[in-house]
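Just so it is clear, the values below take in all heavy atoms, side chains as well, and ignore hydrogens, waters and symmetry mates. This one's a predicted model, so the numbers in the text were calculated from it and none came from an experiment. Protein chains get the first letters and strands the later ones, always in sequence-line order, with residue 1 at the start of each.
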Number of protein chains: 2
Amino acid sequence: MNYMLKDENAIYYECGYSCDNALYLSLGSEAYFITDSRYNLDAGQNVQGAKVVINGDLYGEALGLLNKSKVKKVFFDPKEWTVAGFERISSQTKIVFKQEVDLSHKKRIIKSGEELKILSKAAKLGAKAFKSLAKEFRKNGFGEDEYTLTHRAKSILGDFGKYELSFDPIVAINANAARPHAMPTSTKLEKNDLLLVDAGLKYKRYCSDRTRTVHADKYFMFDTSQKFKSKKIQKAYDTVLKAHDNAIDKARSGMKAKKVDALTRDIVTKAGFGEYYIHSTGHGVGLDIHEMPYISTKSDTIIEDGMVYTIEPGIYIPDEFGIRIEDMVAMVDGKALVL
Amino acid sequence: MNYMLKDENAIYYECGYSCDNALYLSLGSEAYFITDSRYNLDAGQNVQGAKVVINGDLYGEALGLLNKSKVKKVFFDPKEWTVAGFERISSQTKIVFKQEVDLSHKKRIIKSGEELKILSKAAKLGAKAFKSLAKEFRKNGFGEDEYTLTHRAKSILGDFGKYELSFDPIVAINANAARPHAMPTSTKLEKNDLLLVDAGLKYKRYCSDRTRTVHADKYFMFDTSQKFKSKKIQKAYDTVLKAHDNAIDKARSGMKAKKVDALTRDIVTKAGFGEYYIHSTGHGVGLDIHEMPYISTKSDTIIEDGMVYTIEPGIYIPDEFGIRIEDMVAMVDGKALVL
């Protein structure tokens with residue numbers, strides 16, 4: 001299959017190197033990594049299995065290479081290309097371009113042994129960072145607002161400049177946690193607050209992703225055994241934890257993704273919180289923080305060994321509180337192994 | 001003019017609010033801000049002059065609104081839309097879609113008085129952060145590597161969580177500074193090194209952008225009067241500073257942008273460093289860190305009052321050193337005012 005890629009992670013997956021201005025062509029037995037002169041040295045040293053071509057005009061260079069090649073059909077992901085970029089390439093050639101949605105994500109859905117090792121290490125570093133974060137928040141977090149706490153979470157997750165982050169961490173207190181993608185506010189952390197932290201870091205470009213919700217007293221840790229003073233919160237918490245554990249226990253290779261979703265959703269629904277579980281059970285994780293498989297009510301994707309995804313049920317009661325517990329799992333020997 | 005926007009900053013400019021999943025339609029006298037339910041509350045409170053419409057399927061909703069309207073022609077920026085997103089909207093309607101490259105950037109090229117005030121404040125906060133950064137680096141920077149220094153620059157620029165950054169700061173030592181878009185390495189800062197810092201923060205969503213290159217002794221500040229021990233570096237530094245000052249002194253409204261570029265380039269070329277000045281003189285700054293006008297050798301854009309752009313000449317000698325001095329200017333009463 002001939003194809004062309006524009007996304008940075010899609011390109012990295014092909015040749016072990018990428019940068020923020022690159023274009024990749026796979027044409028028969030030839031492959032080309034096109035970038036501008038700023039990346040000449042780095043690309044030359046790191047690109048594997050593709051010829052590095054330097055040209056400030058990536059699209060023009062790609063067009064020339066396509067026209068020189070003898071290929072008749074080239075696949076591309078329409079979600080990955082802008083109208084302008086695609087037109088520049090496709091309007092001056094007789095080659096037929098075929099849309100293949102999620103072209104790269106589909107290739108990446110089953111992780112190799114090497115990728116599993118890296119993802120496992122990313123997850124372990126993420127878990128370790130949560131421990132350091134609990135220590136920091138217990139000692140210096142009370143009285144600080146979500147902006148400041150988010151900044152400290154970034155510093156600790158990235159080990160003060162050593163790692164990039166998978167995404168901007170979410171640090172949300174009480175009612176703010178009811179928004180699954182909460183942005184920081186000036187709400188300050190007080191003793192006995194509910195505190196939700198959703199954060200991850202990148203190790204060798206692969207993402208970790210983890211969420212804990214805790215009762216923030218002076219001994220709190222980001223573990224899963226939490227005691228809240230409010231009965232309603234405790235009931236919701238116990239329900240989310242049960243749903244989370246149930247999916248991890250019972251997910252199997254060969255199941256449809258929507259069956260895995262039901263492993264969390266049925267428990268939440270049965271406990272009466274169904275309407276407050278407003279998102280899917282999880283998503284694949286790899287070079288991108290969100291990739292395939294998607295663990296949703298509608299997904300017919302068959303879960304297979306080598307897939308890595310999150311299990312992250314949640315209950316969000318507007319203006320009151322939100323709870324989410326998230327871990328990454330890898331399917332190994334038919335079962336879900338927590339990374 | 002009817003138009004549709006997808007870019008977050010382009011949408012913010014229209015209605016004073018935006019988020020990472022929004023689509024904006026301006027159809028005759030009606031305007032629509034489409035987003036998903038996560039942003040219902042925030043959008044309802046903050047969007048001005050447009051109807052907020054909540055639908056998880058942004059493109060489907062837009063298609064419905066377009067088909068219901070009586071418009072015949074809609075403009076869009078082909079650099080702003082993916083092939084998939086555009087096709088979703090354009091394939092099921094009789095409306096004619098017209099490409100207008102840089103549609104939003106063109107509207108934003110002349111800043112309003114209110115925008116100039118915000119950009120001026122952003123630049124002042126940026127300059128203040130450079131002072132704090134010098135203090136931190138003088139005290140704790142020597143012996144630390146570029147990863148750690150970059151992390152500290154992020155913390156200080158963002159005032160420990162208070163501000164977002166315009167971009168990931170560049171902190172580059174000696175030969176690393178020869179790459180205009182240097183990524184951090186494990187090179188450690190030692191006394192008497194050359195140190196280049198390029199960084200900015202966002203104030204009310206508007207970007208600041210500033211670069212200083214210094215001789216890092218124990219008294220160093222990020223000002224422009226620098227003494228290096230190497231004569232070659234000093235000559236290059238003095239040349240860049242002269243080029244920078246010359247453009248600020250002589251830029252006038254009514255000039256073509258390429259004339260402003262020549263105000264820096266001619267000085268660098270005359271001093272014998274022309275081949276090492278490998279980028280344009282500057283770029284517009286606003287909601288985006290790079291926007292119009294572009295101050296390059298080929299730009300025929302006429303500079304006008306209200307434009308805000310950087311003056312940032314540089315000399316980059318591979319494997320030796322790099323120098324860049326950058327300030328933001330606003331054209332006011334025909335002249336360039338440093339922000």
Task: Residues from residues 163-178 of chain B approaching chain A under 4.5 Å (heavy atoms) - done: none

Task: Side-chain heavy atoms of A/Lys154 within contact of B/Lys154, under 4.5 Å - done: no

- [ ] Please tell me if the side chains of A/Asp145 and B/Lys162 come closer than 4.5 Å, counting only heavy atoms from C-beta onward.
- [x] no

TODO: Flag the one option from B/Gly85, B/Ser155, B/Pro318 with the top tally of heavy-atom pairs under 4.5 Å to chain A.
DONE: B/Ser155

TODO: Below 4.5 Å from any heavy atom of chain A, which atoms of B/Gln99 appear? Answer side chain, backbone, both or neither.
DONE: side chain

- [ ] Quick one: pull up CG in B/Asp319 and CG in A/Leu41 and give me the separation to the nearest 0.5 Å.
- [x] 8.0 Å

TODO: Apply salt bridge (Lys or Arg N to Asp or Glu O under 4.0 Å) to A/Asp7 and list each qualifying residue two or more places apart in sequence or on a separate chain.
DONE: none

Open item on the list: Tell me whether A/Lys258 at atom NZ has more than 12 heavy atoms from other residues, nucleotides or ligands lying less than 6.0 Å away.
Closed with: yes

Open item on the list: Under a 4.5 Å cutoff for heavy-atom pairs, which residue among B/Glu146, B/Arg179, B/Arg152, B/His181 has the most contacts with chain A?
Closed with: B/His181

Task: Inter-residue atom distance B/His151.NE2 - A/Phe160.CZ, 0.5 Å rounding - done: 6.0 Å

Would you mind writing out the side-chain donor-acceptor pairs for residues 15-25 of chain A within the sub-3.5 Å range, not counting sequence neighbours?
from	atom 1	to	atom 2	distance (Å)
A/Ser18	OG	A/Glu8	O	2.8
A/Asp20	OD1	A/Tyr39	OH	2.8
A/Asn21	ND2	A/Asp36	OD2	2.8

Open item on the list: Looking at B/Lys98, I want to see if its NZ is surrounded by more than 12 non-hydrogen atoms of other residues, nucleotides or ligands under 6.0 Å.
Closed with: no

Open item on the list: Heavy atom to heavy atom, less than 4.5 Å: which residues from residues 77-84 of chain B reach chain A?
Closed with: B/Pro78, B/Lys79, B/Trp81, B/Thr82, B/Val83, B/Ala84

TODO: Please state whether the side chain, the backbone, both or neither of A/Glu87 comes within less than 4.5 Å of a heavy atom of chain B.
DONE: side chain

Task: Heavy atoms of other groups near B/Lys128 NZ, more than 12 under 6.0 Å - done: no

Open item on the list: Please determine whether the number of non-hydrogen atoms from other residues, nucleotides or ligands lying under 6.0 Å from atom NZ of A/Lys73 exceeds 12.
Closed with: no

